[in-house]
Colleague: 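Right, I'll just put the structure down here and ask away after.
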Amino acid sequence: MSIAVSNTSTESRPRTDGTKRRRPAAVVDFNRITDEQFQIAADHMGLEDEIQLLLRTPYREMVVQVPVRMDNGRLEMFHGYRVQHNAVRGPYKGGIRFHHEVDLNEVRSLAALMTWKTAIVDVPFGGAKGGVTCDPTSMGRAELQALTRGFTRKIDMALGVYRDIPAPDVGTNGQVMAWIMDEYGKKNGYTPGIVTGKPVNLGGSLGREEATGRGVMIITREACKAYGFDIRDARIAIQGFGNVGSWTARLLSQLGAKIVAVSDVSGAIYGEHGLDIDKVVEQVNAFGSVVDMDGARTIDNQELLSLDVDILIPAALGGAITRNNVDGVKAKLIVEAANSPVTPRADEALRQRGTIVVPDILANAGGVTVSYFEWVQNLQQFHWSHERVNQELETKMVRAWDAVYQRSIEEKTPLRIAAFVEGLSKVAEATRQRF
Ligand code: NAD
């Protein structure tokens, strides 16, 4: 499988499946990348062949067709996926992505990453991921609702509070989770624990919306301490200004860091002395994009990646930093807020020149951690305060950082391998106990 690396160089022609035809850019095989990373870690820790076989193979893969009557009266067919990778440590857990580049191979890769991520932060979940190939930005509310409900009906036999619990990802949000919960509830009765990331009013958790960004902030802060950067002086560029990127920007700027550049799919902005992030959020809420912001220079999306900054935080999609653009990257620390933003070739080039890369399965694990808190609150039928959520998140993220960082020092490995080994060890141990 392969998907386009960039969704900026696209052309649009109407298609019958509700998506726009896009010209493919260079392609990245995400599942091959995840598999390679798994293999390096498995070899490093001397994992038995049988356990390797059990851990690398997804448990179940669903491919479903979802017909939707569009606003213009036409019937369109969408393709949806749910991959349940591993559940030896707890129910399958993972987001649902609505994006025009979603395919089974990418979902498979993201599902495996979830298995290692939940183990690293030590929440009792396994790993799963879902997605629908669609362009939610060009769909109306009724179309999105019909698509979400149709997709839920097609996969609901494999969902369950103790079986598989979806959450938001790129292109989905609390509203989409509310529709999933409602559709699932029609057959199964009131079941708030069937999804996380839902609106607080429907049983969602305080602090869930910002959780992934808060986790990225905590890990960036800890990495700065460990590697001798002063976060208050740090100049930071963030690619992607959606849920994760915008919260990361807000929370890091509250620590005193200078967020000098941010971007979204339409372009990037740069402010030499640091952007006023609250104003950028206001502008995005009003006009839908960061570009053309008063007092900031609009720059090219690619230029953001090669700015002279201390820290670069890719928080958009996979395949942002590849062998084609890695030579331009000047940041000394890269924190992967998105999943798989740095390809292995680029990772190797960065390692050789001494750039530290904090891997996705550690850096963006704050979302699933607070999803776990939300699930616990749903089971308990008891709401935690925002303060308690943030405090428990802080504890879990710092503990995960310490474990991965210590392992990287003791075993003289890059953080990515240390993180994989940390996750793999826990899943392998549970597998041995069950088999
Ligand atoms: P989102 O849909 O809210 O935001 C995505 C952002 O990326 C948007 O601002 C979009 O315009 C921008 N973008 C897309 N293509 C771009 C490009 N080529 N250049 C620059 N910007 C571009 O999605 P999100 O929930 O913020 O997720 C972002 C990443 O974080 C994804 O990789 C996702 O898998 C990962 N992640 C999300 C969560 C979560 O809780 N939402 C948890 C863990 C990991």
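All ligand and atom numbering here is 1-based and tracks the order in the structure.
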Colleague: Please list, in number order, the atoms of ligand 1 under 4.0 Å from a heavy atom of A337.
Modeller: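 Here the atoms of ligand 1 in question are 30 (O), 35 (C).
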Colleague: Answer side chain, backbone, both or neither: which part of N301 comes under 4.0 Å from ligand 1, heavy atoms only.
Modeller: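 Side chain only; the backbone of N301 stays clear of ligand 1.
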Colleague: Can you name the atoms of ligand 1, numbered from 1 with element, that are less than 4.0 Å from a heavy atom of Q239?
Modeller: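 Matching atoms, with element in brackets: 19 (N), 20 (C).
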Colleague: Atom CZ of residue position R407 - does it have more than 12 heavy atoms of other residues, nucleotides or ligands inside 6.0 Å?
Modeller: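 Yes, the 6.0 Å shell around CZ holds more than 12 heavy atoms from other groups.
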Colleague: Would you check the N or O atoms of G367, main chain and side chain alike, for any that come under 3.5 Å of an N or O of ligand 1?
Modeller: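 No - when backbone and side-chain N and O of G367 are compared with those of ligand 1, no distance drops under 3.5 Å.
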Colleague: Inspect the surroundings of CD in E387 and state if more than 12 heavy atoms from other residues, nucleotides or ligands are less than 6.0 Å away.
Modeller: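 It does not: E387 CD has 12 such atoms or fewer within range.
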Colleague: Which ligand 1 atoms are under 4.0 Å away from a heavy-atom of A315?
Modeller: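 With A315 as reference, the close atoms of ligand 1 come out as 28 (C), 29 (C).
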Colleague: If you measure every N/O of G318 against every N/O of ligand 1, is any gap under 3.5 Å?
Modeller: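 Such a contact does not occur with ligand 1.
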Colleague: Out of G242, G319, G267, whose heavy atom sits nearest atom 5 (C) of ligand 1?
Modeller: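 It is G242 that holds the nearest heavy atom.
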Colleague: Does E106 pair with K129 as a salt bridge, N-O distance under 4.0 Å?
Modeller: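 Salt bridge flag = no for K129 with E106.
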Colleague: Tell me whether F287 at atom CZ has more than 12 heavy atoms from other residues, nucleotides or ligands lying less than 6.0 Å away.
Modeller: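 No, CZ of F287 has 12 or fewer neighbouring heavy atoms, counting only those of other groups under 6.0 Å.
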Colleague: Scan side-chain atoms only and decide if N364 and N339 contain a donor-acceptor pair under the 3.5 Å cut-off.
Modeller: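 Yes.
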Colleague: Between K396 and E392, is the closest basic N to carboxylate O distance under 4.0 Å?
Modeller: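 The answer is no: the pair does not qualify as a salt bridge.
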Colleague: Heavy atom of R208 under 4.0 Å from ligand 1?
Modeller: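 Yes, R208 has heavy atoms under 4.0 Å from ligand 1.
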Colleague: Strictly below 4.0 Å, N to O, side chains only: are D182 and R149 in salt-bridge contact?
Modeller: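 Yes, charged N to carboxylate O under 4.0 Å.
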Colleague: If you measure every N or O of T212 against every N or O of ligand 1, does any of those distances drop under 3.5 Å?
Modeller: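 Looking only at distances, the answer is yes, because the N/O contact criterion of under 3.5 Å is met.
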Colleague: Would V265 count as being in polar contact with ligand 1, using the rule that some N or O on each side must be under 3.5 angstrom apart?
Modeller: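 Yes, since at least one N or O of V265 sits under 3.5 Å from an N or O of ligand 1.
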Colleague: Between Q39 and R56, does a side chain to side chain donor-acceptor pair (under 3.5 Å) hold up when you go through it step by step?
Modeller: CA-CA 9 Å; Q39 195 58 57; R56 75 148 38 95; 2.4 Å; yes
Colleague: Contact between R97 and ligand 1, counting heavy atoms under 4.0 Å?
Modeller: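 It does; at least one heavy atom falls under 4.0 Å.
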Colleague: Quick one: which ligand 1 atoms are inside 4.0 Å of a heavy atom on G171?
Modeller: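 The list of qualifying atoms is 2 (O).
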Colleague: Can you list the ligand 1 atoms lying under 4.0 Å from a non-hydrogen atom of V244?
Modeller: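 Every atom of ligand 1 under 4.0 Å from some heavy atom of V244: 24 (P), 25 (O), 26 (O), 27 (O), 30 (O), 37 (C), 38 (C), 39 (C), 41 (N).
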Colleague: For N378 and G203, indicate whether the former's side chain and the latter's backbone hold a donor-acceptor pair under 3.5 Å.
Modeller: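 At least one qualifying donor-acceptor pair exists.
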Colleague: Atoms of ligand 1 less than 4.0 Å from G240 heavy atoms?
Modeller: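 Counting from 1, the qualifying ligand atoms are 7 (O), 12 (C), 21 (N).
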Colleague: Quick one: sort the W401 and Y405 rings into parallel, tilted or perpendicular, breaks at 30° and 60°.
Modeller: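 Because their plane-to-plane angle is under 30°, the rings of W401 and Y405 count as parallel.
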Colleague: What about G245: any of its N or O atoms under 3.5 Å from an N or O on ligand 1?
Modeller: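 No, no N or O pair falls under 3.5 Å.
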Colleague: On the 0 to 90° scale, with breaks at 30° and 60°, tag the F373-W384 ring pair as parallel, tilted or perpendicular.
Modeller: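 Aromatic pair F373/W384 classed tilted.
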Colleague: Is A338 close to ligand 1, meaning an N/O of one under 3.5 Å from an N/O of the other?
Modeller: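 For ligand 1, there is no N or O atom that lies under 3.5 Å from one belonging to A338.
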Colleague: Is there a nitrogen or oxygen of D169 sitting under 3.5 Å from a nitrogen or oxygen of ligand 1?
Modeller: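 Yes; at least one N/O pair falls below 3.5 Å.
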